[in-house]
Amino acid sequence: MRSIDEITRPKEYLPPTDQVMGHIIREWAEKEIIPLRRRFDEDWRNHRIIEPAFHKLMVDMGMQRASFPEDLGGLGMGHSEHLGTSSFRVLEEISRADSGMAVAYGVTFWPLFMICNEPHVNRRLCEEFAPLFCQSDEIRFAANAMTEPQGGADIENLDLLNGSTITTTATRDGDEWVIDGHKLWPTNTGGIAHLFGVVATTKPGSDDPRDFAFILVPADTPGVTQGDPYEKAGMAADKNGDIWFEKVRVPSWYRACGPGDDFKYFKEVISIGNLGSIAMVSGCMLNVYETLQKFTSSQTLHGRPLKENDAVAGVLADVVRDVEVIRITGYQYARMIDRPDLYGERWSDEIVAKGRAYKYFACDRAVEDIAKAMNLMESCGADREWDVEKHWRDLKIIQLWMGGKQLCQMETARWFYVCESL
Ligand SMILES: Cc1cc2nc3c(=O)[nH]c(=O)nc-3n(C[C@H](O)[C@H](O)[C@H](O)COP(=O)(O)OP(=O)(O)OC[C@H]3O[C@@H](n4cnc5c(N)ncnc54)[C@H](O)[C@@H]3O)c2cc1C
C-alpha cells in the first residue's frame, strides 16, 4: 500500500523541522487519538477522554507554548520564517486523526498571532500572557471572539464593511477599556478558554478602520460569562458557545496593535485561519484516502479486489487527485504566507482573497469526494467503525465556518475582478 507520505509535499521548501515535528505529532495521534476518537462524540460536554489526550499535546509536548518568543519560554513560532509551512504540517497531522482537536489547538494561537507575530510583536502583552501558556502544568486555551448574533460573515467581510456591523463595544474610561457585547461560536468557548481576543468597535456603526479594536481579555475578568457548549454535528473536541461581556474592564494597553493596526493585522488572522482550514481539510482527506485503500483492497467484487474494477478506480482516482491538489495548494499558500518578500504581506487583500479561494476550493472538493467515498463504501460508509462518516461531518463544518462559502466567493471575485460594492 502507498503511504500518505507519497501524496506530494513541496520538498524544496519544507522547513528542516518538518519531518521531525510531523513524525512526533503523527506518533502522538496514532497512539493517543485514533484509537479513542470514536468515543469523542459522546464526550462533547465533559471532555473526560478528550482532555487527557490534549494534555499530552499541549502540556507534555509543550505545544501550547508555540506562539511566544523563546526568551519568554515559548517556541518562537511568531517570528519563525516557516510559520505557514510548519503550522500546515502540524494541523494536517492532527486533523488526520481528529479535526476537532486540530481546530481547538490552532485557535489557541489565532488571537495570539496579533501580539506574537513579527513585524507587529507587542512585547508588553507577550510578557503579560506568556506565563499563562508557558509556565503552566495545566492545559491553556485561547479563543478568537469575532462572530456575533447578527451575523459572523459581515464581521469578517473587512474589506467591504470595515467592521461597521460590529456591536460589541469598547469604550475608553481613563486607562481602561470597558467592553460590552455578546459573541457566539468561538472555538474553545463553552467554558474552557483562559484568554479571549475580542473583536470590538470603539464607535458603533463606524466604518473607519481606526475604530476596529482587538482587545485581549482574560476569561476570569469580572463581567465575562461563558455559556454551556453547543451540541453540534461533529468536532466534539472543539467546544463552542456564547460569551457575554458586561462592563468588562481591562487595562487600555490590552489592545493588541492600536487604532488602524488592529484592523490591518486582523486580516492576517483571517489569512492564517484559511490556511489552517485547508490543512484540516487535507488531514481529513488523507485519512479518507487511507481508509479507501484498505476498504477497496480487502472487499471483493466478482472475486477481485474492489479497486480492480474500472468504475471503482474512477472514484478512487477522483479522490486521490483532489487530495494531491488540496495538499499542494495548501502548501503553496503556506509558502506565500512565509514569503511576504515574494507574495506580499499576509494581511494584504490579495493574500486574504487567495486564501478564501483556496479554502472554498478545498472544502468543495472534499465535501463532494467524501460523499463519493461513502457511496462506494455503501453501509460501511455510514458505519462509525470506519471513521469516514466522522470526517464527512467534520468536513462539512469546516466548509461552514469563517463566513462560509458565500463570503469566500465574494472576496475572491472582489479581488480578482476588482468589484467595488460586492
Ligand atoms: C465549529 C465552528 C467553529 C467556529 N469557530 C469560530 C471562532 O473561533 N471564532 C468566531 O468568532 N466564530 C467561529 N465560528 C463561527 C463561524 O465563523 C460563523 O458561523 C461564520 O462566520 C458564519 O457566520 P454566521 O453563522 O453568523 O452566518 P451569517 O453571517 O449570518 O450568514 C448567514 C448566511 O448569509 C450568507 N451571507 C452573509 N453575508 C452575505 C452577503 N453579503 N451576500 C450573500 N450571502 C451572504 C452567509 O454565507 C450564510 O449563508 C465557528 C463556527 C463553527 C461551526
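In each ligand, atom 1 is the first atom listed, and ligand 1 is the first ligand listed.
- Less than 6.0 angstrom separates the ring centroid of Tyr230 from the ring centroid of Trp185.
- By the 3.5 Å distance cut-off applied to N or O atoms, Thr187 is counted among the residues near ligand 1.
- The N/O atoms of Trp401, backbone and side chain alike, include none that comes under 3.5 Å of an N/O atom in ligand 1.
- Considering backbone and side-chain atoms alike, Ala153 places an N or O below 3.5 Å from some N or O of ligand 1.
- With a 4.0 Å cut-off on non-hydrogen atoms, Met410 touches ligand 1 through its side chain and not its backbone.
- Close contacts of ligand 1 with Pro186, meaning ligand atoms under 4.0 Å from a residue heavy atom, involve 6 (C), 7 (C), 8 (O), 9 (N), 10 (C).
- Between Glu350 and Lys354 a salt bridge is recorded (basic side-chain N to carboxylate O distance below 4.0 Å).
- For the residues Val107, Leu407, Thr147, the heavy atom positioned nearest atom 18 (C) of ligand 1 is part of Thr147.
- For atom 4 (C) of ligand 1, a protein non-hydrogen atom is found at a distance below 4.0 Å.
- In terms of heavy-atom proximity, Gln64 sits nearest to Ser136 at NE2-O, 3.9 Å.
- The distance between the ring centers of Phe54 and Tyr105 does not fall below 6.0 angstrom.
- Taking the charged nitrogens against the carboxylate oxygens, Arg356 and Glu156 do have a contact shorter than 4.0 Å, which makes a salt bridge.
- When each atom of ligand 1 is checked for a heavy atom of Ile397 under 4.0 Å away, the hits are 1 (C), 53 (C).
- In this structure, atom 34 (O) of ligand 1 has no protein heavy-atom contact shorter than 4.0 Å.
- With a 4.0 Å heavy-atom cut-off, ligand 1 is reached by no atom of Asn188.
- Under 4.0 Å from ligand 1, not a single heavy atom of Asn157 appears.
- The protein non-hydrogen atom at the shortest distance from atom 17 (O) of ligand 1 is Met402 N, 3.0 Å.
- Among the atoms of Met146, some N or O lies under 3.5 angstrom from an N or O of ligand 1.
- Within ligand 1, counting atoms from 1 as listed, the ones closer than 4.0 Å to a heavy atom of Trp110 are 8 (O).
- Close approach of ligand 1 to Asp238 is summarised as follows: ligand atoms under 4.0 Å from at least one heavy atom of the residue are 1 (C), 3 (C).
- Protein heavy atom at the shortest distance from atom 9 (N) of ligand 1 is Asn144 O, 2.8 Å.
- Listed by number with element, the atoms of ligand 1 under 4.0 angstrom from any heavy atom of Asn240 are 1 (C), 2 (C), 3 (C), 4 (C).
- Using cut-offs of 30° and 60° on the angle between ring planes, the pair Phe141 and His194 is parallel.
- Taking the six-membered ring for Trp and the full ring otherwise, Tyr254 and Phe129 have centroids separated by under 6.0 Å.
- Between Glu411 and Arg414 there is a salt bridge, with a side-chain nitrogen of the basic residue lying less than 4.0 Å from a carboxylate oxygen of the acidic one.
- Where the criterion is an N or O separation shorter than 3.5 Å, residue side chain and backbone included, Gly152 meets it with respect to ligand 1.
- Here Trp401 pairs with nothing under the ring pair (Phe, Tyr, Trp, His ring centres under 6.0 Å) rule; sequence neighbours left out.
- Counting heavy atoms under 4.0 Å from ligand 1, residue Glu156 touches it through the side chain alone.
- For residues 269-291, the pairs satisfying salt bridge (charged side-chain N to carboxylate O under 4.0 Å, His left out) are Arg96-Glu290, with sequence neighbours left out.
- When atom types are taken as modelled, the side chain of Ser87 and the backbone of Leu83 share a donor-acceptor pair closer than 3.5 angstrom.
- Closest to atom 50 (C) of ligand 1, if we only count protein heavy atoms, is Trp185 O, 3.6 Å.
- When hydrogens are left out, the protein atom nearest atom 30 (O) of ligand 1 is Gly151 CA, 3.5 Å; that is the closest non-hydrogen contact.
- Nearest protein heavy-atom contact of atom 21 (O) of ligand 1 is Gly403 N, 2.7 Å.
- Protein heavy atom closest to atom 49 (O) of ligand 1, with residue, atom name and distance, is Gln406 OE1, 3.5 Å.
- Using a 4.0 Å cut-off between charged nitrogen and carboxylate oxygen, Asp43 and Arg38 do not count as a salt-bridge pair.
- For ligand 1, the polar-atom distance check finds no N/O of Gly404 at less than 3.5 Å from any of the ligand's N/O atoms.
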(request) Please test Asn157 against Asp159 for side-chain hydrogen bond (donor to acceptor under 3.5 Å, both in side chains), starting from the C-alpha separation and ending with a verdict. (result) CA-CA 6 Å; Asn157 196 345; Asp159 193 21; over 6 Å; no
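- In this structure, atom 25 (O) of ligand 1 has no protein heavy-atom contact shorter than 4.0 Å.
- For atom 47 (O) of ligand 1, a protein non-hydrogen atom is found at a distance below 4.0 Å.
- The closest side-chain donor-acceptor pair between Arg140 and Asn188, if any, does not fall under 3.5 angstrom.
- By the 4.0 Å N-to-carboxylate-O rule, Arg210 lies too far from Asp262 to be salt-bridged with it.
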